[in-house]
Amino acid sequence: MSTLAVGSILSAFTPAVITMAALVIGAYLLTVFEHCLAWGSLRQARAAFVAPLADVVALLRQADTPPEHPDGFLFRSAPIVALATVGLAALVIPVGRGATGLDSSIGLFYFIVLLSPFVIAMMNAGWSSNSKVGLFGTFRAAAHLISYEVPLGFAAIGAPMAAQSLAIGRIVEAQSSLWFGVWQPLGVVIYLIASFFVCFRHPFDAPQASSELEGGIFAEYTGPRLLIFTFALKAIFLVLMAMAVALFFGGWQGPVLPGPVWFALKTFLLAMVVIALSRFVPRLRSDQMLTLSWKALVPASLLNIVVVGVLTILIYGVK
Amino acid sequence: MNGVVEWSIFGALALISVVTAASMLLTMSMYRAGLALMSSFVALAGIFVLLNADLLAAVQVMMNVGGMLIMVLFMVMMMMDPGGEMMWGMKRSMRIRGPAAFSMHMPFGQPPQA
Amino acid sequence: MRLTGKDSAPSAAPGAPRARPHTTERLGWLDRLASRRQRYLPIDGGAGAQLFAALAGQSPLVREVASPRHADLLIIAEPLSAQLAPALATLARSVPQPARVLLVGAGGASASPEARALFPDAPRVPGEIQAILAALTAPARLPRLRLSDAAPADESPTISLPPKREREIATELAVLSLGPLQPFTAGPLRLWLICDGEQVLSCQVDAGYAARNIAGRMRESAWQDAAALAATLDPLAPVASRLAYVRALEALQRWQLPTRVAEAREAALAVERAENALWWCVRFFRLLKAPMLIAHTFPLATRLAAAGARLWPTLPPSAWLLPQGDAPTVEASAVEALHGLAADIEHLARALSRQRLPQLRTREVGQLSAQRLTEAGVSSGPVLTASQSGAGDIQSRLLARLRMAATALREIAPGARDAARGPARTPTESGAPSWDVPAGEAEGAAEGPRGRLAVRVRSEGGTRPTEITWQRPSATLLPLLPEVLRGQKVADAEMIVASLDLAMAEADG
């Protein structure tokens, strides 16, 4: 192969590699923060930095014990599908001016579409484990599947309505004068809650409830597969927060520091605030989550669309 | 060079699309059939991307994957043995190795006799 | 992909399990890094509830996991009974290698024969947090998890499904087996939940996994040894069980109790009730997964444990709870600390009754009427109090336990300052304990954390009791489980079982 081909292939891989590296570092820092919150004392801060590394090494060394008669293909492919969707979804997020892995004109649509294979991978994980805890976890994950889609889509659509484009780079640039989050607070709240549904985070972690269901969908996973799942969950949370920053909080724009630094700061700040707020709620049952989604979030998101439409015309004028 | 790459990608996607669509008909498990149809549509979406129709690809995935999912959900809820497990020996039998100390057992599912 | 360190080779000798002198492994840096954080699966034979509740939030060194597949350390709290062996063997086989095991003893010098039969070379530490953490910081001294060859094979239990009439509406039934080693009760209990989706249709209770036949063994032993056995009836409330027996003996001996001794005994009972209530709260909030509530309750529980230990500067209650025995003076500064703690607990209870968010899971779930409870024979305890004064749901039980703890602590009589420096009065001095029990029949009772624990003792003047009958509060709650769990969702059913605070060691006797 000529050097031109090698160069083009390499340049195609570079955004992917950078994205994955960023996700790994981001997941590590997020885990460190969660540990600090859980242990709550600065004395153990040093342990908080070592603990994720220790977990990673321990998981990589763990023997692979598949359950009896699993659905082989689904059992083995579920973590990889989860990881792949997270990586693909993270490609469209702009971290700086023009610095995005995939600058697509339908970026936001592509992102939202990629979230459903992630939840499907979680469902497959439980289903293929050939254990009842997994089966119960799959049904709870199916509840997640139908809960997140409508509120997330309707809340996220407020930003393209205001920016008149689905391309995320254009959305970020349209916020140079005023952040969308300032005049779409309802959209922000609905988006954040719906993103918790996707990430299976507390208080919506019933499918993988470690105290209730013995691990639920992840009950039969060990070793590197479990590590990939854990990483994928943290990464998708980061990716969703990054998308929230891009949609509602001005993306990489900021006065003094370079774009990517602002972007990372805003993402982590948002993640920390959201995680700290989520600690006040106990774990909700699946049907309580469904009630919240369909009886509260869907009407609210419809109202949000109406309000955003009216405000768009008022702020930006009729085009 | 581009031609070879494009042709190989197209060939792979087409193969996946046809094979998964066939396996949807040939498999005994409804859950797997739903997933196979989803993968077939995703491969079709890949072909759309090759044709530079990004939006169509995304719409294809969203509509069909979403629809297939709801169909799979209803299958699993309503039908007996939707996973086709009896055929493969995924019996979820009374004696299962694993975390049986806190695990779930299922008797061979029989529908309630009228 | 496996990154293995330098491990010692597994033992190749088959046959009878014998204690293998384990060699200290030389660990590579990867092993040392991996062992900075151990994921442990707690296995509670009946005595470990408070220990595990305290361990889980104690140190970044350990993290509790729920599935044996995610664990690399098994921490087993004795006592273990032979009935538990098949389930424990299955669990140990599900843990992926590399894994280690640690036995935590309730008392006595060496491990119980059942534990030795399953895990021949597991080390054993006393039942204290610091001892466990010390053992875990030097993981090289923990040998690999090795199940002995004599371990029983996997079990294949059978259950009976509900009759066809009940099954008509259900689309397909799933049988959920909770246990016997599950986190909802303090000790092993097997619950078969027959579910239609997430809703429980019926439930079968399979108890007896923690049965040690305490009453029978007490009949076989002398009065003094029976007192030690009585303390193990409920390992989470040894003071109450021992005191019930001692009071029965004193009733037979027609002994009049001096006020000081009565106050000291009530203080010990009160501290035990409060400790049980607070650690139960910590466990319950962990099951419910409410991080802020855990963060508020865990410091209260640890403060109570520290203050309770300071209450008796010279002798622990097990040394002076003897018939006609004297009691040391209570340390006044510790009593003041406990009174302050009572105020904090009441503050927590008030805050809990006001907050709406945690009540999403606890309100109007699992209601039991007071009438139904009294019909079933429940005559005391926070469950009955909750049904009498509140709605009888999980929320009211939670508040009833917190209020019980606060009231108990508040009613401790103030002791003397610097009690340790006062004249030392060991039980063998003035007021020597007497183990001569005249003939007769008497009942002794003590207010334990889960209700009134009573024992009826019959003696014929000899060296052994003739008849011992225990009334155990948890045992009366067990038959109520099927009716209270019917129609609930699985997640709620688990919380209801946890809210009843069943101590299986006590319930099985």
Among [options], which residue forms the greatest number of heavy-atom pairs with chain A at distances under 4.5 Å?
options                                   : value
Arg36(C), Met292(C), Glu198(C)            : Met292(C)
Pro291(C), Ala290(C), Ser59(C)            : Pro291(C)
Met495(C), Arg286(C), Glu64(C), Lys489(C) : Lys489(C)

Aromatic centroids of Phe298(C) and Phe285(C) separated by under 6.0 Å:
no

With a 6.0 Å cut-off on the ring centroids, do Phe268(A) and Phe33(A) count as close?
no

Side chain of Thr138(A), backbone of Gly134(A): donor and acceptor closer than 3.5 Å?
yes

Looking at [options], which makes the most heavy-atom pairs under 4.5 Å with chain C?
options                                   : answer
Val56(A), Asp205(A), Asp287(A)            : Asp287(A)
Asp55(A), Leu284(A), Leu53(A)             : Asp55(A)
Ala51(A), Ala206(A), Gly223(A), Ser286(A) : Ala51(A)

Partner residues of Phe200(A) under the ring pair (Phe, Tyr, Trp, His ring centres under 6.0 Å) criterion, sequence neighbours left out:
His144(A)

Ala71(C) versus chain A, the contacting section by heavy-atom distance below 4.5 Å:
backbone

Report the residues that fulfil salt bridge (Lys or Arg N to Asp or Glu O under 4.0 Å) with Asp501(C), sequence neighbours left out, ordered by chain and then residue number.
Arg401(C), Arg450(C)

Check whether NZ of the Lys or CZ of the Arg Arg283(A) lies under 6.0 Å from the centre of the six-membered ring of Phe204(A) and within 45 degrees of that ring's axis.
no

